[in-house]
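Notes follow once the structure below has been shown.
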Amino acid sequence: EKVYTVYLHVNGGNELAQSVYTIKFGDAYTLPTPTRNSVDNDDIYTFTSWRIGSAKGSKVDTSGVWTYDSAEEEIHLYATWKNSSWTNNY
């Protein structure tokens with residue numbers, strides 16, 4: 001039975017109430033949806049996904065059945081963000 005310790009890194013977002021989870025392979029899970037405040041009140045950021053290992057890693061759904069198999073017992077997930085304040089005026 002594989003059990004993983006999953007660490008959530010908000011990557012510029014607001015601190016989470018819980019940032020470490022224990023998840024068994026094949027078990028259902030739900031990860032939080034982080035939020036991010038603007039530094040200068042001009043930028044609006046929208047959470048897009050959790051990613052494995054870095055902001056450019058493989059995407060992990062915020063809920064479902066854990067099927068990511070790893071030789072490592074610790075898995076680090078990083079939040080990715082979209083700057084929603086930019087619009088094209090063409």
Looking at every heavy atom in both Tyr29 and Val65, which two are closest together, and how far apart are they? CE2-C, 3.6 Å
Do the non-hydrogen side-chain atoms of Val60 and Tyr68 ever get within less than 4.5 Å of each other? no
To the nearest 0.5 Å, atom OH of Tyr4 lies from atom CH2 of Trp66 at 8.5 Å
Intermediate values then yes/no, side chain to side chain contact (heavy atoms under 4.5 Å, CB included), Thr62 and Phe47: CA-CA 11 Å; Thr62 54; Phe47 172 75; 3.9 Å; yes
If I take atom CG from residue Asn11 and atom CH2 from residue Trp81, how far apart are they, to the nearest 0.5 angstrom? 8.5 Å
Residues Leu31 and Asp61: closest non-hydrogen pair is CD1-O, 4.1 Å
Any link between Phe25 and Tyr7 through a network of hydrophobic side chains (Ile, Leu, Val, Met, Phe, Trp, Tyr) touching at under 4.5 Å? no
Transitive ILVMFWY cluster of Ile44, excluding itself - 4.5 Å side-chain cut-off: none
Residue pairs involving residues 16-26 (criterion salt bridge (Lys or Arg N to Asp or Glu O under 4.0 Å); sequence neighbours excluded): Glu1-Lys24
Spatial distance of atom CG (Asp27) from atom NZ (Lys2) [nearest 0.5 Å]: 14.0 Å
Donor-acceptor list for residues 71-80 side chains, cut-off 3.5 Å, not counting sequence neighbours:
unit_1, atom_1, unit_2, atom_2, d
His76, ND1, His9, NE2, 2.7
Thr80, OG1, Thr48, OG1, 2.6
Thr80, OG1, Ser49, N, 3.2
Thr80, OG1, Ser49, O, 3.1
Thr80, OG1, Ser49, OG, 2.8

Would you say Glu15's side chain and Ala17's backbone share a donor-acceptor pair under 3.5 angstrom? no
Do Tyr21 and Pro32 come close enough that some side-chain heavy atom pair is under 4.5 Å? yes
